[in-house]
Amino acid sequence: MFSVLALAGWPAVVVLLAAAAMTTALLGWVVNDRERPERLALIIRAIRQQPTRTGRSRSVR
């Protein structure tokens, strides 16, 4: 890997370091989110809810 980076030059090293820094920052931001449990619970509740009927229900004869 180091030889490939050495052949690619310093721009590849800068791009690789920037990608690693952004990934680390994003993971830290997601882990540090204090409201995450509440939002996850809201998403799960919304997924589990049955669709409600808005029109008149038809009677079966």
Side-chain angles (χ1 to χ4, degrees):
M1 184 169 122
F2 293 115
S3 60
V4 171
L5 288 175
L7 288 174
W10 67 269
V13 175
V14 170
V15 168
L16 183 65
L17 289 174
M22 288 190 318
T23 302
T24 304
L26 180 64
L27 285 173
W29 178 66
V30 168
V31 169
N32 194 32
D33 188 9
R34 294 177 192 253
E35 296 176 0
R36 181 173 26 118
E38 289 83 12
R39 280 199 304 268
L40 286 174
L42 286 173
I43 291 170
I44 291 170
R45 274 190 224 120
I47 290 171
R48 288 184 179 174
Q49 282 183 348
Q50 297 295 324
T52 58
R53 293 184 176 220
T54 56
R56 292 183 187 177
S57 62
R58 294 183 180 179
S59 62
V60 178
R61 292 182 185 188

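- With values rounded to the nearest 0.5 angstrom, Gln49 atom CD is found 10.5 Å from Ile47 atom CD1.
- Here Arg45 contributes atom CZ and Leu40 contributes atom CG; the two are 11.0 Å apart, rounded to the nearest 0.5 Å.
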Show me the donor-acceptor pairs within less than 3.5 Å that the side chains of residues 7-16 make with the rest of the protein, sequence neighbours left out.
none

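- In terms of the salt bridge (Lys or Arg N to Asp or Glu O under 4.0 Å) criterion, Glu38 has no residue partners (sequence neighbours excluded).
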